[in-house]
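Have a look at the structure below before the remarks.
FYI, the numbering just counts along the sequence from 1.
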Amino acid sequence: MQTKKHTQILIGGRALVELGSSRSTSDTDYLVCVNSKEAFIRDSENNIDYLNANGNDFFRAIFEVEKDNKIATPQSLLELKVYAFVQHCQNFNWQKVDDCEYDIRFLVRKFNLKRLNIVKNYIGSGELAEAVKVINSVKI
């Protein structure tokens, strides 16, 4: 995957580790905007996942907020984790759901985040209610 350095924004577990999370991860995730309509691009050789803003309206909204950053802000990471939480619930990938809940709780606790600004426009009301339950379960 060829992208310009300034168009790769570190997200996912590695970004959370940079912010102080203790959860380990085996891959690296970047938010990019490349000339492809694929929302997810996998580089198996380097164990990198690319979330393409050009292939998904939600990713584009986050990319627009973060395009000048090398690492996503805690607020955008929370939005991305809630989106992933919903996707993994829909796919019955319970281990990934648990990982997302851990990450959401870390971001809420460490950065006192409670509001969802972007993701609420891209998930259903029931899905949003489930994510808000996770957020509200955190004692700060």
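For the pair S76 and T73, the minimum side-chain heavy-atom distance is below 4.5 Å. K70 is not listed as a side-chain neighbour of I9, based on a closest heavy-atom distance of 4.5 Å or more. Proximity of I62 to L80: side-chain heavy atoms (C-beta onward) are separated by under 4.5 Å at one or more points. By the 4.5 Å heavy-atom criterion applied to side chains, E64 and I118 are not counted as neighbours.
You'll find the ring centres of F59 and F40 inside the 6.0 Å limit.
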Exercise for the section: Go through V34 and I41 one step at a time and tell me if the side-chain contact (heavy atoms from CB on, under 4.5 Å) criterion holds. Expected result: CA-CA 10 Å; V34 296; I41 303 165; 3.9 Å; yes
Handout entry: Verdict with supporting geometry, V134 and E130, side-chain contact (heavy atoms from CB on, under 4.5 Å)
Key = CA-CA 7 Å; V134 175; E130 288 303 311; over 6 Å; no
Practice task
Check the pair F85 / K96 against side-chain contact (heavy atoms from CB on, under 4.5 Å), numbers first and verdict last.
Solution key: CA-CA 8 Å; F85 169 81; K96 293 271 190 180; over 6 Å; no
Handout entry: Audit row: R23, D103, salt bridge (Lys or Arg N to Asp or Glu O under 4.0 Å) steps and yes/no
Key = CA-CA 8 Å; R23 187 173 73 80; D103 294 341; 2.6 Å; yes
Practice task
Could you please spell out the steps behind the salt bridge (Lys or Arg N to Asp or Glu O under 4.0 Å) verdict for E18 and R14?
Solution key: CA-CA 6 Å; E18 291 287 322; R14 297 243 189 255; over 6 Å; no
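Here the CD1 atom belonging to I123 is positioned 4.5 Å from the CG atom belonging to L128, to the nearest 0.5 angstrom. The structure places CD of E79 at 9.5 Å from CZ of R115, a figure rounded to the nearest 0.5 Å. Annotation: the span from I140 atom CD1 to N112 atom CG amounts to 4.0 Å, rounded to 0.5 Å. Here OH of Y83 is found 15.0 Å from CG of L78. Values are rounded to the nearest 0.5 Å. We find the CG-CG distance between L31 and D49 to be 12.5 Å, quoted to the nearest 0.5 Å. Here the straight-line distance linking atom OH of Y50 with atom OG1 of T7 works out to 9.5 Å at 0.5 Å rounding.
The aromatic rings of F111 and F106 sit perpendicular to each other, their planes meeting at more than 60°, with 30° as the lower class boundary.
Judged purely by atom type and a 3.5 angstrom limit, Q75 has no side-chain atom pairing as donor or acceptor with the backbone of L116. D27 contributes no side-chain N or O that, together with a main-chain N or O of I48, makes up a donor-acceptor pair within less than 3.5 Å. In this structure, D29 contributes its side chain and L10 its backbone to no donor-acceptor pair below 3.5 Å. Looking at K120, its side chain never comes within 3.5 Å of a backbone N or O of S125 through a donor-acceptor pair. Within the 3.5 Å criterion, the main-chain N or O of C33 finds no donor-acceptor partner in the side chain of N54. The main-chain N or O of G124 is found under 3.5 Å from a side-chain atom of E127 such that the two form a donor-acceptor pair. Side-chain N or O atoms of N56 include one that pairs as donor or acceptor with a backbone N or O of F58 at under 3.5 Å. Counting only distance, with no hydrogens or angles, the side chain of Q8 and the backbone of Y30 share no donor-acceptor pair below 3.5 Å.
Using a 4.5 Å cut-off between side-chain heavy atoms of Ile, Leu, Val, Met, Phe, Trp and Tyr, with links allowed through other members, Y102 and L19 fall into different hydrophobic clusters. In this structure, V65 is a member of the same hydrophobic cluster as V119, with clusters built from ILVMFWY side-chain heavy atoms closer than 4.5 Å.
Listed here is the closest heavy atom pair of I11 and L77: CA-CD2, 3.8 Å. Taking every heavy atom of both residues into account, A39 and G55 meet most closely at CB-O, 3.6 Å. For the pair I104 and K81, the tightest heavy-atom approach, listed with the atom from each and the gap, is CG1-CB, 3.8 Å. Considering every non-hydrogen atom in both A131 and V82, the closest pair reads CB-CG1, 3.5 Å. Nearest approach of K110 to G20, heavy atoms of both residues: NZ-CA, 4.2 Å. Shortest non-hydrogen contact noted between N52 and K37 is ND2-N, 4.4 Å.
Results of the side-chain contact (heavy atoms from CB on, under 4.5 Å) test with L16 over P74, S21, S22 single out S21 as the only residue that passes.
In this model, a donor atom of one side chain and an acceptor atom of the other lie less than 3.5 Å apart for D99 and Q95.
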